[in-house]
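What you see is a predicted model, and the numbers here were worked out from it, not measured in a lab.
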Amino acid sequence: MAEKKLAVFITEWDPHFWSRILKGIRNRAKLDDYDVFVFDCFGGAGTKRKHDIGEFRIFDLPDLTKFDGAIVAASTIIPTSVVKSLANKIVERGCPAISLEVPIEGLDFGGISNHDSIIMIMDHVIVHHKCERIYFVTGPEGNAEASMRKNAYIEAMQKAGLEVRDEYIFTGTYEFESGYRAVDYYNTLPDGLPQAIVCANDAMAMGVCRRLDELGVEVPEQVIVTGFDNIETANDYVPSLTTVARPKKELGALACDYIIRKIENPEINTGLQCKTKLEHRESCGCQSANLYVGRKFRLQHFRQIEEEANLSRFMNRMMARVTDCDWFSELFICLQDFVDMLECERFYFCIDQSLIDDSCVVATDVSDMSVINEHLRGTIESFPERVSVAVACNKGEAFKCKDYDGNERILPVEEDQFKSSSDLYIYEPVHYQDNIFGYCVMVNPTPGQRILGVNKWLLMVGNAIETIRRKHVMNMAIKQLDQLYTTDPLTGLYNRFGFERYSSDMLDACTKDKKPLVAVFFDLDGLKLINDEFGHEIGDIAIKTVAEALKEVSDDQDVIVRLGGDEFLALCSRDNETIETKIKRVDEVLEKKNKELDLPFYVSASGGYRSVIPDENTDIDELIEEADQAMYEVKKKKKETISLQNNKNSIS
C-alpha cells in the first residue's frame, strides 16, 4: 500500500501553539495511517537577517508533488512574504492545503476570527470596565494576525467614539521582553499610562504586568491588562491573565481532518472556523486575587527551574566538546553523544556530502585573496544534491546509513525498516547564517521535548560546522600559499626558498645514515639565443621542457630546484654510477620531448655533479658550487652544436 503523507509548515516562535496544534494534527493523522512531515524552523525577524534566511530555507526542502496534502501554520510564520511564497509553490504543485489562522490566497482557511476576538476584548474593556484611554501592544510588522488584531482595536475604538493616536500603538515581537519595553515607552508619553493596555498575545501581556509591578503600578486597580491565546501559563501568572482562549489542539485535529477529506474530495473548499472564548481573570478585575498557590503550580514552577538548569548544564557540556572538534569526523562522534537531549525515537543528521569531503573544501587556486574570501563566505544556497547521513540513531543505538540523492528523497532508505503505519517526522535546517549545510530529522519526538533546547542545539551545531569549514579553507589556503612561496610558478619545481627549507632535511638524513649526498647541477643550453630568436614565451617552453625531464627522472625524495633563469639543481642520495645513469636518462627524455614538441630548435641541458658523505662540518653551498663547476666542464667538452630548425642557427 502506498504511503500517505501530509506536510506541515510551521515556525516555533510560540512553543505552546506548536505543541498543541501539532498534537491535534498527529492524533487525527494516525486514524487514517498518514505520516506527518513537519518542516520547522526558528525564523521570526524577517528575510533581511541572514540567520532567518537560512532558517526559512527548510520550506524549500520538500517536493510537494510527493505529498498528499499540506497544512500551513501561517500565523507562526513571519513575515507574510514567506507565507505567500510558500503558498504559491503549494498552489503551483496542485497540493490540497489549508492555511491556519491567517487567510492566504489560493489556500483554504482554518482558524478563528482575529477581528471578532479583539472586538470581544475591547467591548469588555470599554463597556464593562468603562475604560476610555486604551493602548494596544501589537505583534511584529509583517505578521498577518498582528495586523488583523491591530485593525480590530482601531475599529473598536472608533466605533466607541474614543480617540486613537499612533503613539497609543506599540509594535512588539510577540515576546515577553517587548511587552516590558512597551510600558517604558508609554511612560514617556505626555498622557502617561492609560486605563487599559490590550496586548496581541499573552507573552507580551505578561511583560507588561511585570514592568508595571516594578514601577509600583497595580494591575488591575490602576491599569487593566489583557492578553490573547490563553497559553498554559496565562492562568498561573500573577496576576492571572484575562485573555482569549482559542482551541489549538482542536484546530489541529480539524485542519488535519479537513485536508484528509479534501484529498478524498477535491471539491471541498469551505474551510473551517473555530470559536474563541473570553477568559475573565485577575488582570482585568473580573476575578479576585487568589492568594493560594496550589500544589500543581508549585510543582510546575520548580520543575521548570530544574529543566532550565539541566538544559544549561547540558549545553555547557556540549559546547565544551564541540569547540574541541577540528574535523567533521570528530564533530559527528561528538553529536552522537548529545542526541539524547532531543528526546525522539529516531534521529538522522543529514549533511551535504561535498562539504565533508576534504578534497572538495577548496578546489580552486586561492592565491587571490578574493577567492579565499569567497570560500570563507560560502555560497551554499540550496539543500544538498548528494546527502551523507553523518549521525543516525534508533532508540539510542547508532547505525549506519547509505548516502542518498537529495533530489529523490529526504530520508535514508534505512528508515523503511523502522516505519510504523503512521510516523511523525520533524525537519530542522542545519545552517550558518544564510548558508545551508543540510538538515536533521527527529522521528516521533516525545511531546515534552524542550523547544528552546532544540534551537540552541541546532545553533551550536551550525556554528561548529562553519568553524570547521573555515579552518579547512584557511588551512588549505595556507598550504597553497606556502606552496606558492616555495615553488617556482613556471615549472612547479622548488625555488630557492623551497631549497632552503627542504635541503637541510636531506643533509641531516644523509649525515645521520652516513649516505652519500649528491648535488647535480643542470644548465639549459643556449637559452639567451632562444629568447633572442624566438621570444621569451618560447624560451619558457624550453625551460619547462627541461623541468619536466628532471621531474620524470627524479624520485619522490629528491629535491629538484629551479635556481633561476636556465639553472637547475637536483639534490639526492645515490652512488656515482646511478647519478651518471640518471644524467644520461635526462638526455634521453629530452630527445623524446624534442620529437613530440617539434620546436624550431633542439632543447638540451648540460649536467654535472659532486658527491660527498656528509658530516656536521659539511657546507652544502660549497657542494653546489663544485657541482656547478662540474657542469661547466661538461658543457665545455660538448662538441656537438644544436641546430635551430627554423633558420639553421646554432646554439652552444
Side-chain angles (χ1 to χ4, degrees), residues 8-15 17-18 38-62 72-89 101-102 104 137-147 150 170-182 185 200-201 203-204 207 315 319 322 351-352 355 373-384 426-440 451-470:
V8 177
F9 299 91
I10 197 168
T11 65
E12 291 180 6
W13 62 264
D14 181 353
F17 180 94
W18 178 90
V38 180
F39 300 94
D40 172 55
C41 68
F42 294 85
T47 56
K48 292 183 179 179
R49 234 175 37 161
K50 292 178 181 177
H51 177 76
D52 284 336
I53 293 173
E55 288 288 317
F56 287 130
R57 281 187 174 142
I58 195 66
F59 297 158
D60 298 328
L61 178 62
V72 181
S75 62
T76 72
I77 304 172
I78 306 171
T80 305
S81 59
V82 175
V83 186
K84 290 181 177 178
S85 176
L86 174 60
N88 289 337
K89 285 189 288 187
E101 307 287 7
V102 176
I104 300 294
V137 183
T138 187
E141 293 286 349
N143 179 258
E145 275 200 314
S147 178
K150 181 179 72 173
F170 180 86
T171 301
T173 62
Y174 280 147
E175 296 173 348
F176 180 96
E177 182 266 343
S178 62
Y180 190 96
R181 287 189 294 108
Y185 164 74
N201 81 335
M204 294 190 297
M315 287 300 172
M319 183 177 294
V322 163
I351 195 165
D352 191 336
L355 182 70
N373 288 334
E374 181 180 346
H375 279 285
L376 287 175
R377 173 63 185 84
T379 54
I380 312 170
E381 297 181 352
S382 59
F383 286 97
I426 298 182
Y427 286 75
E428 303 282 357
V430 177
H431 68 103
Y432 175 79
Q433 294 186 343
D434 53 350
N435 292 324
I436 282 290
F437 303 137
Y439 49 90
C440 67
I451 302 302
L452 294 179
V454 174
N455 185 20
K456 292 177 181 178
W457 196 96
L458 291 166
L459 279 171
M460 197 181 303
V461 173
N463 289 341
I465 291 175
E466 177 65 5
T467 299
I468 295 172
R469 190 187 71 83
R470 284 174 175 256

Go through the structure and list residues passing side chain to side chain contact (heavy atoms under 4.5 Å, CB included) with [X], not counting sequence neighbours.
| X | answer |
| --- | --- |
| Arg181 | Phe170, Glu177, Ser178 |
| Thr80 | Lys84, Ala144 |
| Ser85 | none |
| Ala464 | Val322, Leu331 |

Taking all atoms of both residues into account, what is the closest heavy-atom pair of [X] and [Y], and its distance?
| X | Y | result |
| --- | --- | --- |
| Gly462 | Phe437 | O-CE1, 3.7 Å |
| Val430 | Cys440 | CG2-N, 3.8 Å |
| Lys456 | Met315 | CB-CE, 3.7 Å |
| Ile436 | Pro429 | CD1-CB, 4.3 Å |
| Phe59 | Cys41 | CZ-SG, 4.2 Å |
| Gly139 | Thr171 | O-CG2, 3.5 Å |

Within this structure, what is the [atom1]-[atom2] distance for the pair [X] and [Y], rounded to the nearest 0.5 Å?
| X | Y | atom1 | atom2 | result |
| --- | --- | --- | --- | --- |
| Ile468 | Glu466 | CD1 | CD | 10.5 Å |
| Arg469 | Tyr432 | CZ | OH | 9.5 Å |
| Ile77 | Phe9 | CD1 | CZ | 8.5 Å |
| Asn463 | Gln433 | CG | CD | 9.0 Å |
| Arg470 | Ile465 | CZ | CD1 | 13.5 Å |

Contact check, side chains of [X] and [Y], non-hydrogen atoms, under 4.5 Å:
| X | Y | result |
| --- | --- | --- |
| Val82 | Thr11 | no |
| Ile58 | Phe383 | yes |
| Val83 | Val102 | no |
| Val38 | Ile10 | yes |
| Glu428 | Trp457 | no |
| Ile53 | His431 | no |
| Ile104 | Val72 | no |
| Phe42 | Leu459 | no |

Subject >> Any residue meeting side chain to side chain donor-acceptor pair (under 3.5 Å) with Asn88, in chain and number order, not counting sequence neighbours >> reply: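 For Asn88 there are no side chain to side chain donor-acceptor pair (under 3.5 Å) partners, ignoring immediate neighbours.
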**OP:** List the steps, then state whether side chain to side chain contact (heavy atoms under 4.5 Å, CB included) holds for Ser382 with Asp60.
**Re:** CA-CA 8 Å; Ser382 59; Asp60 298 328; over 6 Å; no
Subject >> Trace of the side chain to side chain contact (heavy atoms under 4.5 Å, CB included) decision for Arg57 with Asp434 >> reply: CA-CA 8 Å; Arg57 281 187 174 142; Asp434 53 350; 3.7 Å; yes
**OP:** Could you go through the side chain to side chain contact (heavy atoms under 4.5 Å, CB included) check for Asp40 and Val454 one step at a time?
**Re:** CA-CA 11 Å; Asp40 172 55; Val454 174; over 6 Å; no
Original post:
Mind checking what makes ring pair (Phe, Tyr, Trp, His ring centres under 6.0 Å) contact with Tyr427, not counting sequence neighbours?
Top reply: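 If we apply the ring pair (Phe, Tyr, Trp, His ring centres under 6.0 Å) test to Tyr427, skipping adjacent residues, the hits are Phe39, Tyr439.
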Original post:
Does the side chain to side chain contact (heavy atoms under 4.5 Å, CB included) test come out yes or no for Thr76 and Glu101, once each step is laid out?
Top reply: CA-CA 9 Å; Thr76 72; Glu101 307 287 7; over 6 Å; no
